[in-house]
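Read the structure below first, then the notes.
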Amino acid sequence: MAEQLATAKQKSPKREAPWLIRTYSGYASAKESNALYRKNLARGQTGLSIAFDLPTQTGYDSDHILARGEVGKVGVPVCHIGDMDTLLDGIPLDRMNTSMTINAPAAWLLSLYIAVAERRGIDRATLSGTTQNDIIKEYLSRGTYIFPPAPSMRLICDVISFTYKEVPKWNPMNVCSYHLQEAGATPEQELAFALANALAVLDAVKASGQVPPEDLPQVVGRISFFTNAGIRFITEMCKMRAFNVLWEEICRDRYGVTDPKLSRFRYGVQVNSLGLTEPQAENNVYRILLEMLAVVLSKNARARAVQLPAWNEALGLPRPWDQQWSLRLQQIVAFETDLLDFGDIFDGSRAIAEKVEALCYSAREELAKIDQLGGAVVAVESGYMKRRLVESNATRLAAIESGEQIVVGVNKFTEGEPSPLGAGEESIVTVDPRAEQEQIASLTAWKQSRDAAKVKATLADLADAIRDGRNIMEPSIACAHAGVTTGEWSGLLRDIFGEYRAPTGVAQAVVATDISGLMTLRAKVEEATDKMGRRIKMLVGKPGLDGHSNGAEQIALRARDAGFEVVYEGIRLTPEQIVAAALEEGVHVVGLSILSGSHLPLVTEIMERMKAADLMDVPVVVGGIIPPEDAEKLLKAGVARVYTPKDFDLNTIMADIIKIVQQTAMEAA
């Protein structure tokens, strides 16, 4: 017996190294974000994951009109090489693995990163990390796209074709299914839509002629993925195993990749934020742990990098302590448990194998349907993929409303003690409004101090490269060194490529919800119509740069199905445009959705413009992640109602809006 135990001990596998441990962070300014990065690295974080603010993500400088109220709110503003240098001060770029969540201007932010490294004498070939650079999913979910699909695909191709030679350790594209799940995708849709995105990009790279056929396997091998993991962690773990199966099939059958190292499904993950709750927010700690297990338990489908949200993200911007708590969770699983001592514990399980095959079967069917439409780009332009996501999200919400899908603390087990963790004004981070003004002042000084002739010359060369069909990366790196700003780089491309507004998916969506609840709402709408002489008309608006449109889409969809006349023009509208639309359309109520933390300046400006346009008899309701003290300020400013994530029942919200409209009409009569 002792001999057998000794033999077993000798054969036990060597403990596996843990995944890259990250936290997704950035806020206020490059200087403050750098201090946070260095603090987190000192506490055991092993890679950087940079969150950029919305102006940076959408290619605007901090002084642009659309950037008002958004600077430094959901990430760090990076307007030029000076900002990037400050952001990365004291961080060894030749030894750091850096992930940058950036899409439409990915080529530019990577150029800034390379230029900073070159300033420090670091060979670009030593740099390792990832640019998300998945523009297709931006049209479907997060909304930080800028250009039409064709030029956007060209930019992605240029980045991929440049990096596999010049920055060979870099992942030039992170196919991002994370935001697809946040937009309501089922596991099958997440598999199919993400893989369809990857196919569209690789086919475009192949067709561009920038990569010799013999080098295509190397390019395929540099494509990575960024996934999501929800609370149904067995299904989510099977989804990750299905991703492995399907990606290997695609690499082998479509692109002729035979080297297993180049066909490996390499992914990083942030677990689900969609399921984090505002009520009883402390329960989110358990949700995050369970969701993490989905991506680390199966060795053969284990994530290469993990970043976890903080427990209180449904309340606002997490504090450093909240991020530290999520960091410690990863470290406990990686270093205290015996998880990394064993091989794959699910190999041979019949239940797991059957679920994986079922997911693969459904994903293959959906992929075939997208292929019949003409691929992912056509499926975006036609509105097909967006419509499917809107419908899936509506089905998910309807299940929560009916109680069929239980969410603890929200629609069941709602009674409980108040939490001591999230009490008080300092329970979340609030960005000092002075940070925006300081960033703008710094930007102004930067523009005045640089060599204007070099800026003009490098931008001219970039324009020539675009028109001549040359790869834009080297000209963009030259622009970075010359001091060109994010807004100037993107502005040049806007002038050449134009801008784009993606389909909202609302008009075509068909969803079966609780008919009895809808019939009650429709009766109330008809009653209001009889009294007011015309049907209730609602404008749903997304002011500022916040592209998280899921909530706005579901409100617009439910209002439409309840019998409202709905005006919804999508994301990224100025307060001036929203008020002009309210006036022109003659609406009864304006509904605003803001999740970026910029609700106070944006809503205040809209209320001021409503007053100037003599529209104070049109009530305004606001939804978003809004702290109680901010909600009070909005109500004092004249907002009729504030809805937050705790208000999950859309029928109740609709009934409330009908009441508000009727009451306002009576007071005006």
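When a residue number appears, it is its place in the shown sequence, counting from 1. As the structure is a computational prediction, the values presented were derived from the model and not from experiment.
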Open item on the list: Testing the basics here: between V175 and A194, what is the closest heavy-atom pair and its distance to 0.1 Å?
Closed with: CG1-O, 3.1 Å

- [ ] Enter the distance from E336:CD to R328:CZ here, rounded to the nearest 0.5 Å.
- [x] 11.0 Å

Task: Distance-only donor-acceptor check, side chains N174 and S224, under 3.5 Å - done: yes

Open item on the list: For the backbone of G184 and the side chain of R396, can you confirm whether one donor and one acceptor N or O come within less than 3.5 Å of each other?
Closed with: no

Task: Salt bridge flag under 4.0 Å for residues R641 and D656 - done: yes

Task: Point-to-point distance, once rounded to the nearest 0.5 Å, from OG of S25 to NZ of K39 - done: 11.0 Å

Open item on the list: Under a plain distance cut-off of 3.5 Å, with no hydrogens placed, do R572 and T58 share a side-chain donor-acceptor pair?
Closed with: no

Task: Salt bridge present between R15 and D338 (N-O < 4.0 angstrom) - done: no

Open item on the list: Do L48 and R22 make a side-chain contact, defined as non-hydrogen atoms from C-beta onward lying under 4.5 Å apart?
Closed with: no

- [ ] Supply the atom-to-atom distance Q331 CD to T46 OG1, rounded to the nearest 0.5 angstrom.
- [x] 8.5 Å

Open item on the list: For a quick test of reading the model, state the closest non-hydrogen atom pair linking G69 to P601 and the distance between them.
Closed with: CA-CG, 3.8 Å

Just list the side-chain donor-acceptor pairs under 3.5 Å for residues 404-412, sequence neighbours left out, or say none.
from: N411; atom 1: OD1; to: V407; atom 2: N; distance (Å): 2.8
from: N411; atom 1: ND2; to: I400; atom 2: O; distance (Å): 2.8
from: N411; atom 1: ND2; to: Q405; atom 2: O; distance (Å): 2.9

Open item on the list: Taking the basic N atoms (NZ, or NE/NH1/NH2) and the acidic carboxylate oxygens, is any pair closer than 4.0 Å for E553 and R558?
Closed with: no

- [ ] Anything under 30° is parallel, anything over 60° is perpendicular, the rest tilted; go ahead and classify W325 against W311.
- [x] perpendicular

Open item on the list: Does either side chain, that of N393 or that of N550, offer a donor lying less than 3.5 Å from an acceptor on the other one?
Closed with: no

- [ ] Would you mind reporting whether L180 and Q189 have side-chain heavy atoms less than 4.5 Å apart?
- [x] no

Open item on the list: Tell me which one of E182, E291, Q181, H179 satisfies side chain to side chain contact (heavy atoms under 4.5 Å, CB included) with S273.
Closed with: E182

Task: Pair D546 + R142, salt bridge at N-O below 4.0 Å - done: no

Open item on the list: Using 0.5 Å steps for rounding, measure from the CD atom of E629 to the CG atom of L600.
Closed with: 9.5 Å

Task: For S392 against T186, the heavy-atom pair lying closest together - done: OG-CG2, 4.1 Å

- [ ] Supply the atom-to-atom distance Y24 OH to Q270 CD, rounded to the nearest 0.5 angstrom.
- [x] 7.5 Å

TODO: Salt-bridge test for E236 and K239: reply yes if a basic N is under 4.0 Å from a carboxylate O, no otherwise.
DONE: yes

- [ ] Using a cut-off of 6.0 Å, state whether more than 12 heavy atoms not belonging to R609 lie near its atom CZ.
- [x] yes

Task: For the student: nearest non-hydrogen atoms of C238 and V356, plus distance - done: O-CG2, 3.7 Å

- [ ] Go through the structure and list residues passing ring pair (Phe, Tyr, Trp, His ring centres under 6.0 Å) with F52, not counting sequence neighbours.
- [x] none

Open item on the list: So P320 and L36, do their side chains get closer than 4.5 Å, heavy atoms only?
Closed with: yes

Task: Where Y37 and G26 come nearest, the two heavy atoms and their spacing - done: OH-CA, 3.8 Å

- [ ] Establish, from distance only, whether the side-chain atoms of Q280 and S419 form a donor-acceptor pair under 3.5 Å.
- [x] no

TODO: Return each pair, listed once, that meets salt bridge (Lys or Arg N to Asp or Glu O under 4.0 Å) where at least one residue sits in residues 645-654; pairs must be two or more places apart or across chains.
DONE: none

TODO: Could you verify whether a donor N or O on one side chain and an acceptor N or O on the other, from T56 and D53, lie under 3.5 Å apart?
DONE: yes

Open item on the list: Do N312 and N284 make a side-chain contact, defined as non-hydrogen atoms from C-beta onward lying under 4.5 Å apart?
Closed with: no

Open item on the list: Looking only at the side chains, is there a donor atom on one of Q307 and T23 sitting less than 3.5 Å from an acceptor on the other?
Closed with: no

- [ ] Test side-chain contact (heavy atoms from CB on, under 4.5 Å) on Q45 and L20 and set out the steps.
- [x] CA-CA 8 Å; Q45 183 175 303; L20 276 172; over 6 Å; no

Open item on the list: Could you report the tightest heavy-atom contact between V431 and G72, atom names first, then the distance?
Closed with: CG2-O, 3.5 Å

Open item on the list: Between V306 and I21, does the side-chain contact (heavy atoms from CB on, under 4.5 Å) criterion hold? Intermediate values first, please.
Closed with: CA-CA 6 Å; V306 177; I21 297 175; over 6 Å; no

Open item on the list: With no hydrogens and no angle check, just 3.5 Å: does a side-chain donor-acceptor pair link R287 and N272?
Closed with: no

Task: Note: R68-E436 ion pair, threshold 4.0 Å (strictly below) - done: no

Open item on the list: Nearest 0.5 Å, please: how far is OH in Y145 from NZ in K137?
Closed with: 12.5 Å

Task: Y267 six-ring face occupied by R302 cation (under 6.0 Å, within 45°) - done: no

Task: Close side-chain approach of W19 and V269, heavy atoms under 4.5 Å - done: no

Task: Residues E608, V579; criterion side-chain contact (heavy atoms from CB on, under 4.5 Å); working and verdict - done: CA-CA 10 Å; E608 291 170 352; V579 175; over 6 Å; no

